[in-house]
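Remarks on the structure that follows.
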Amino acid sequence: MFYAGHSSKGWPAYFCTMHKDILIVGQGICGTFLSWYLEQAGISYLVIDQLQANTASKVAAGIINPVTGRRIVKTWMIEEVMPFAHEAYNSLGAELGITAIEQKSIVDFYATPQMKLAFEKRYQDDQQYLAVPSDENYWRHLFNYDFGYGEIDPCYLIRLQDILPAYRTHLANKDLLREELFEQEHLQVQPDGIRYKDLTASRIIFSDGIAAASNSYFQNLPFALNKGEAVWAEIDGLPATHIFKKGFNLVPWKDNIFWLGSTYLWEFDNDNPTPGFKQFAHNWLLQTVKLPFKILDHKAAVRPATLERRPFVGFHPQYPAIGLFNGMGTKGCSLGPWFARQLVQHLQTGAPLAPEADIRRFQRILTR
Ligand SMILES: Cc1cc2nc3c(=O)[nH]c(=O)nc-3n(C[C@H](O)[C@H](O)[C@H](O)COP(=O)(O)OP(=O)(O)OC[C@H]3O[C@@H](n4cnc5c(N)ncnc54)[C@H](O)[C@@H]3O)c2cc1C
């Protein structure tokens with residue numbers, strides 16, 4: 001599309017504008033799957049993402065754990081999202097030529113006798129994702145633990161550290177990525193869509209993680225951002241076959257490197273890693289693992305979490321050209337693929353979004 005404008009010097013200038021069905025802001029796990037399903041649906045798109053080191057998707061461990069909390073209850077929608085995620089990550093991995101997902105089990109060392117009781121009670125009620133070991137001493141040569149352990153099985157480990165850069169290259173090769181900062185002041189809502197600088201699109205969807213909490217269209221939504229930290233430690237001799245949990249999760253990352261985290265902090269001044277966490281992680285390793293270790297790296301990121309722990313998906317009730325795909329909290333790896341496909345189906349066929357996720361549940365707040 002061509003249109004005439006005027007340069008700052010006053011003479012007419014002709015700009016060439018590019019049109020897409022969807023403009024996506026952000027290539028974390030949400031923007032990745034959103035664009036992936038748009039591509040499969042034949043809906044044109046462009047992704048704008050500024051390279052940042054400490055985004056939630058880059059700092060995350062990548063665990064899909066089917067149970068949660070002290071009472072070890074099943075995670076919301078796990079029966080649907082877990083098999084879906086398995087299929088989604090395998091297909092994405094096949095397209096990118098990488099291993100995107102691995103099946104693991106979690107060795108859950110009970111930190112207290114109460115936790116042992118809670119696990120065993122839950123196991124009696126429902127054994128779908130839980131197992132109790134025949135030999136409680138099995139891990140004693142590698143770990144210090146006092147009250148035994150249970151197993152959570154199966155879990156998945158998502159190789160975000162491989163998926164995100166490989167998908168970025170995939171987008172760049174197809175000329176579908178702009179590596180730049182999206183600046184909201186350049187966004188114009190028009191009767192038939194949006195304009196952003198030299199781009200026009202029928203819709204824009206923000207999958208920009210915590211940035212959405214200060215986006216003027218969505219800042220009134222009940223975000224509950226929380227900060228988490230992790231360290232990466234080299235531990236020779238520890239098998240990469242399991243995720244080991246004792247309060248913190250010790251997660252196989254690559255070769256002899258393990259991810260250890262995390263924390264949940266609702267009040268924080270910045271997203272920097274703190275010396276206090278690093279010391280805590282060091283002590284945890286010293287007390288828990290019976291092998292020498294070396295901490296190699298330490299990062300923090302803020303999770304795009306929501307007050308009622310449900311995602312924010314869909315289009316603004318007053319500005320239907322503006323959409324949000326966000327609010328995955330601690331569960332981006334499992335909820336991201338599922339709701340990305342749901343949002344694309346919604347665009348394609350008008351199929352309804354899950355009411356618990358659809359941002360229209362906040363109609364009053366959003367149209368205030
Ligand atoms: C320590 C920690 C551990 C975690 N562990 C797990 C786990 O084991 N399992 C799990 O499922 N979840 C985990 N999470 C949560 C998970 O990380 C999030 O749910 C998920 O990554 C959110 O993805 P997202 O795509 O919405 O946001 P992000 O990953 O934050 O991606 C947003 C993208 O938008 C880009 N962006 C933002 N603003 C702009 C702009 N103005 N212009 C251009 N680009 C922009 C950013 O650069 C980024 O690439 C963890 C989180 C943390 C912090």
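Just so you know, ligand 1 is whichever comes first in the structure, and atom 1 is the first atom listed for that ligand. Residue numbers run from 1 in the order of the sequence given. Predicted model only: the values in this text are computed from it and were never measured. Computed over heavy atoms, backbone and side chain alike; hydrogens, waters and symmetry mates excluded.
Of all atoms in ligand 1, numbered sequentially from 1 with element shown, those under 4.0 Å from a heavy atom of Cys30 are 24 (P), 25 (O), 26 (O). Atoms of ligand 1 found under 4.0 Å from any heavy atom of Trp259, numbered from 1 in the order shown, are 3 (C). Listed by number with element, the atoms of ligand 1 under 4.0 angstrom from any heavy atom of Glu180 are 42 (N), 43 (C). Here is the list of ligand 1 atoms found below 4.0 Å of a heavy atom in Leu181: 40 (C), 41 (N), 42 (N).
Taking atom 15 (C) of ligand 1 as the reference point, the nearest protein heavy-atom neighbour is Gly329 O, 3.1 Å. For atom 43 (C) of ligand 1, the closest non-hydrogen atom on the protein side is Gln50 N, 3.1 Å. For atom 6 (C) of ligand 1, the nearest protein heavy atom (residue, atom name, distance) is Ala60 CB, 3.7 Å. Here the heavy atom of the protein found nearest to atom 22 (C) of ligand 1 is Pro304 CG, 3.8 Å. At the shortest separation from atom 27 (O) of ligand 1 among protein heavy atoms lies Gly209 CA, 3.5 Å. The protein atom (non-hydrogen) at minimum distance from atom 33 (C) of ligand 1 is Asp49 OD2, 3.6 Å. Of the protein's heavy atoms, Gln52 NE2, 3.9 Å lies nearest to atom 36 (N) of ligand 1. Here the protein heavy atom with the shortest distance to atom 34 (O) of ligand 1 is Gly26 CA, 3.2 Å.
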query = Is there a ring pair (Phe, Tyr, Trp, His ring centres under 6.0 Å) between Phe218 and Phe312 once you walk through the steps?
reply = CA-CA 10 Å; Phe218 299 115; Phe312 291 157; 8.7 Å; no
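A donor-acceptor pair under 3.5 Å is formed between the side chain of Tyr167 and the backbone N or O of Trp36. A donor-acceptor pair under 3.5 Å links the side-chain atoms of Lys227 to the main chain of Asn272, judged by distance alone.
Under 4.0 Å is where a charged nitrogen must lie from a carboxylate oxygen, and between Arg178 and Asp198 at least one such pair does. Arg122 and Glu120 are not joined by a salt bridge, as no carboxylate oxygen comes within less than 4.0 angstrom of a charged side-chain nitrogen.
Neither the backbone nor the side chain of Ala300 comes within contact range of ligand 1; no heavy atom lies under 4.0 Å.
Checking only distances, Ala56 does come within under 3.5 Å of ligand 1, N or O to N or O. Residue Ile29 places at least one N or O, backbone or side chain, under 3.5 Å from an N or O of ligand 1. Of the polar atoms of Asn326, none of the N or O atoms is found under 3.5 Å from an N or O of ligand 1, judged by distance alone. The shortest N or O to N or O distance between Phe182 and ligand 1 is under 3.5 Å. Geometrically, ligand 1 and Gly332 share a nitrogen or oxygen pair separated by less than 3.5 Å. For ligand 1, none of its N or O atoms has an N or O atom of Arg303 under 3.5 Å away. Remark: ligand 1 and Val25 share no N or O pair separated by less than 3.5 Å (distance only, no angle test). Inclusion of Gly62 in the set of residues having an N or O under 3.5 Å from an N or O of ligand 1 is warranted. Looking at Thr330 next to ligand 1, an N or O pair under 3.5 Å apart turns up.
Looking only at side-chain heavy atoms (C-beta outward), Asn226 and Leu265 stay at 4.5 Å or farther from each other.
For atom 39 (C) of ligand 1, the choice among Ile243, Val251, Asp208, Asn54 with the nearest heavy atom turns out to be Asp208.
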